[in-house]
Amino acid sequence: MVAWIINISTILLFIYTIIKDKEKAKKAFVKSIIKFLNLLPMMIVIIVLIGLIFGFIPPELIKSYLGSNDNILQVVAAAIFGAITLIPSLVALPLAGSLVEAGASYTPIAAFITTLTMVGFVTLPIELKELGKKLTILRNVFAFIFAIIISLIIGVLM
Amino acid sequence: METQNIKIENKIKNGLIKLAKYLMVIIVILFSLYYFFPTKITAGLDISANYGIEMIAIFPAVIVLMGLADVWIPKSLINKYLGEESGIKGIILSIIMGTLPTGPVYIAFPIAAELLRKKARISNVMIFLGVWASSKIPQVGVEINFLGFKFAMLRLVFTLISLIIIGYLIEYIINEKGKREAEV
């Protein structure tokens with residue numbers, strides 16, 4: 001359903017761009033090809049990783065580490081993992097989905113995705129250079145704390 | 001134009017080389033694992049195939065959509081609208097500008113820095129930056145696809161609320177510190 005909506009709106013917008021401005025369409029297309037190529041290796045790694053998780057890790061093990069016996073330590077660990085991990089968030093989402101399917105609880109998964117996008121460990125050098133020490137530290141520390149609060153609320157509501 | 005084309009060709013070439021290296025390593029690992037655990041690998045790869053198909057059904061479209069947004073939405077637009085407004089209108093504009101499907105977060109830092117130099121409100125710039133990093137429109141679509149509508153919406157709503165609170169908290173802290181330093 002969502003895939004249909006995104007595909008159809010992309011095709012319509014692309015046709016519109018070709019009609020309006022061929023140069024723009026070409027530029028967008030080249031940009032997309034390069035971006036897709038850059039993302040593809042990680043995508044394949046994640047696809048294989050999902051298979052290995054299902055093939056090798058028994059659901060009981062996933063349940064016992066990421067299951068619904070939510071404790072704060074588990075959530076903090078997931079949040080730290082999300083903050084430092086290098087996976088692009090676009091491909092991290094299917095991985096997160098597969099973990100839920102394999103028996104993980106929503107709380108640590110929410111913590112992982114939220115810090116993955118809100119806390120910029122990888123981009124820290126650029127952020128420090130552009131925004132300075134004070135703003136960067138405040139932003140990332142608050143983002144980390146709030147990510148944990150968000151995931152605990154989601155855990156209750158899901 | 002000529003150098004531009006060469007640059008693009010190089011980027012594509014490097015991308016393909018990287019892809020080939022990844023593929024080789026993965027194939028070697030899979031074959032050696034298959035040698036020892038044939039049933040586990042077959043079962044796992046079935047699930048991999050399902051996820052692979054789902055990802056192929058949505059990712060190319062998302063990436064082209066981002067590329068299109070990149071050429072249609074000039075960065076100057078963001079500059080123009082974010083600098084001036086404050087209050088509720090400022091918050092809403094920051095969120096809208098942040099959710100636009102344009103570029104990775106490292107592009108947003110220089111924009112944010114420039115806005116701050118132009119004396120835009122700290123809270124608005126922080127909200128804009130946070131939304132840009134966490135809540136892109138097509139990304140939310142992908143999240144709905146793989147984790148369900150309820151989860152994605154809950155996370156989106158609470159993330160936006162948190163980012164607004166964080167924006168105002170940071171602004172308060174920075175301004176208070178500024179005041180204290182001014183008194184001394």
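Below, chain A is the first sequence line, B the second, and so on; all start at residue 1. Remember, predicted model here, so these are calculated numbers, not experimental data.
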Participant: Within a reach of under 6.0 Å around CZ of A/F36, are more than 12 heavy atoms found that belong to other residues, nucleotides or ligands?
Facilitator: yes

Participant: At a heavy-atom distance under 4.5 Å, which candidate from B/L116, B/D70, B/L45, B/I144 has the highest pair count against chain A?
Facilitator: B/D70

Participant: If we define contacts as heavy-atom pairs under 4.5 Å, which of A/K134, A/K31, A/M158 has the most with chain B?
Facilitator: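 When all of A/K134, A/K31, A/M158 are compared, A/M158 has the most.
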
Participant: Kindly check if the number of other-residue, nucleotide or ligand heavy atoms within 6.0 Å of CD1 (B/I17) is above 12?
Facilitator: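 Counting neighbours around CD1 of B/I17, more than 12 heavy atoms of other residues, nucleotides or ligands fall under 6.0 Å, so yes.
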
Participant: What is the minimum heavy-atom distance between A/E130 and B/A113, and which atoms define it?
Facilitator: O-CB, 3.3 Å

Participant: What are the two closest heavy atoms between B/L169 and A/F146, and how far apart are they?
Facilitator: CD1-CE1, 4.2 Å

Participant: Which atoms of A/K24 come close to chain B, meaning under 4.5 Å heavy atom to heavy atom: side chain ones, backbone ones, both, or neither?
Facilitator: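 Looking at A/K24, backbone and side chain both touch chain B.
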
Participant: Could you look at A/S151 and say if it's the side chain, the backbone, both or neither that has a heavy atom under 4.5 Å from chain B?
Facilitator: neither

Participant: Is A/I5 reachable from B/F149 through a run of I, L, V, M, F, W or Y residues, each pair having side-chain heavy atoms under 4.5 Å apart?
Facilitator: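 Not linked; separate clusters.
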
Participant: Between A/I6 and B/A61, what is the shortest heavy-atom contact and its length?
Facilitator: CG2-CB, 3.8 Å

Participant: Quick one: what part of B/A43 sits under 4.5 Å from any heavy atom of chain A, side chain, backbone, both or neither?
Facilitator: neither

Participant: Between NZ of B/K40 and CD1 of A/I57, what distance do you get to the nearest 0.5 Å?
Facilitator: 10.5 Å

Participant: Considering only heavy atoms, which portion of B/I26 lies under 4.5 Å from any heavy atom of chain A: side chain, backbone, both, or neither?
Facilitator: side chain

Participant: Is B/L154 close to chain A through its backbone or its side chain, or both, or neither, when contacts mean heavy atoms under 4.5 Å?
Facilitator: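 The answer is both parts of B/L154.
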
Participant: Can you tell which part of A/I113 gets under 4.5 Å to a heavy atom of chain B, answering side chain, backbone, both or neither?
Facilitator: both

Participant: Got a second to check how far A/F54's CZ is from B/D46's CG, nearest 0.5 Å?
Facilitator: 12.0 Å

Participant: Please evaluate residues A/K20 and B/W72 with respect to the criterion side chain to side chain contact (heavy atoms under 4.5 Å, CB included), reporting the C-alpha separation (whole Å), side-chain torsions for both, the decisive distance (0.1 Å), and the verdict.
Facilitator: CA-CA 11 Å; A/K20 277 275 170 191; B/W72 277 116; 4.0 Å; yes

Participant: Considering only heavy atoms, which portion of A/V122 lies under 4.5 Å from any heavy atom of chain B: side chain, backbone, both, or neither?
Facilitator: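 For A/V122, no heavy atom lies under 4.5 Å from chain B.
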
Participant: Heavy-atom distance under 4.5 Å to chain B: side chain of A/L138, backbone, both or neither?
Facilitator: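 Looking at A/L138, backbone and side chain both touch chain B.
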
Participant: Under a 4.5 Å heavy-atom cut-off, does chain A meet the side chain of B/I12, its backbone, both or neither?
Facilitator: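 Both backbone and side chain of B/I12 come within 4.5 Å of chain A.
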
Participant: Among A/N38, A/L40, A/I8, A/T17, which has the most heavy-atom pairs under 4.5 Å with chain B?
Facilitator: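 Heavy-atom pair counts peak at A/T17.
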
Participant: Would you mind checking which part of A/K129 comes under 4.5 Å of any heavy atom in chain B, side chain (CB onward), backbone (N, CA, C, O), both or neither?
Facilitator: neither

Participant: Please name the pair of heavy atoms, one in B/A133 and one in A/T117, separated by the smallest distance, quoted to 0.1 Å.
Facilitator: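 Closest approach of B/A133 to A/T117: CB-O, 3.3 Å.
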
Participant: Shorter than 4.5 Å, heavy atoms on both sides: which option in B/I56, B/I137, B/I58, B/I166 has the most such pairs with chain A?
Facilitator: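 Ranked by contacts with chain A, first place is B/I166.
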
Participant: Tell me, out of A/M1, A/E101, A/K27, A/M42, who's got the most heavy-atom pairs with chain B below 4.5 Å.
Facilitator: A/E101

Participant: Give the member of B/K136, B/M126, B/K21 that has the highest number of heavy-atom pairs under 4.5 Å with chain A.
Facilitator: B/M126

Participant: Give the member of B/F158, B/W132, B/Y51 that has the highest number of heavy-atom pairs under 4.5 Å with chain A.
Facilitator: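 Ranked by contacts with chain A, first place is B/Y51.
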
Participant: Which one of B/V62, B/I8, B/V64, B/N145 has the most heavy-atom pairs closer than 4.5 Å to chain A?
Facilitator: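 Most heavy-atom pairs within the cutoff with chain A belong to B/V64.
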
Participant: Within a strict 4.5 Å, meaning less than it, do heavy atoms of the A/V91 and B/M55 side chains meet?
Facilitator: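 The answer is yes, as the side chains (C-beta and beyond) meet within the 4.5 Å cut-off.
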
Participant: Among the options B/I161, B/L129, B/L23, pick out the one with the most heavy-atom pairs lying under 4.5 Å from chain A.
Facilitator: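 It is B/L129.
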
Participant: Where does the angle between the aromatic ring planes of A/F56 and B/F37 fall among parallel (under 30°), tilted (30 to 60°) and perpendicular (over 60°)?
Facilitator: perpendicular

Participant: With a 4.5 angstrom heavy-atom cut-off, which part of A/V100 approaches chain B: side chain, backbone, both or neither?
Facilitator: side chain

Participant: So among A/I44, A/V45, A/V48, which one has a side chain to side chain contact (heavy atoms under 4.5 Å, CB included) with B/Y22?
Facilitator: A/V45

Participant: Any non-hydrogen side-chain atom of B/L163 less than 4.5 Å from a side-chain atom of A/M118?
Facilitator: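 Yes, at least one pair of side-chain atoms sits under 4.5 Å.
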
Participant: Heavy-atom distance under 4.5 Å to chain B: side chain of A/I153, backbone, both or neither?
Facilitator: side chain

Participant: Restricting to non-hydrogen atoms, name the atom on B/Q139 and the atom on A/L93 that form the minimum distance, rounded to 0.1 Å.
Facilitator: O-CD1, 3.8 Å

Participant: Kindly indicate whether the side chain of A/L52, heavy atoms from C-beta on, has any atom under 4.5 Å from the side chain of B/L33.
Facilitator: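 They are in side-chain contact.
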
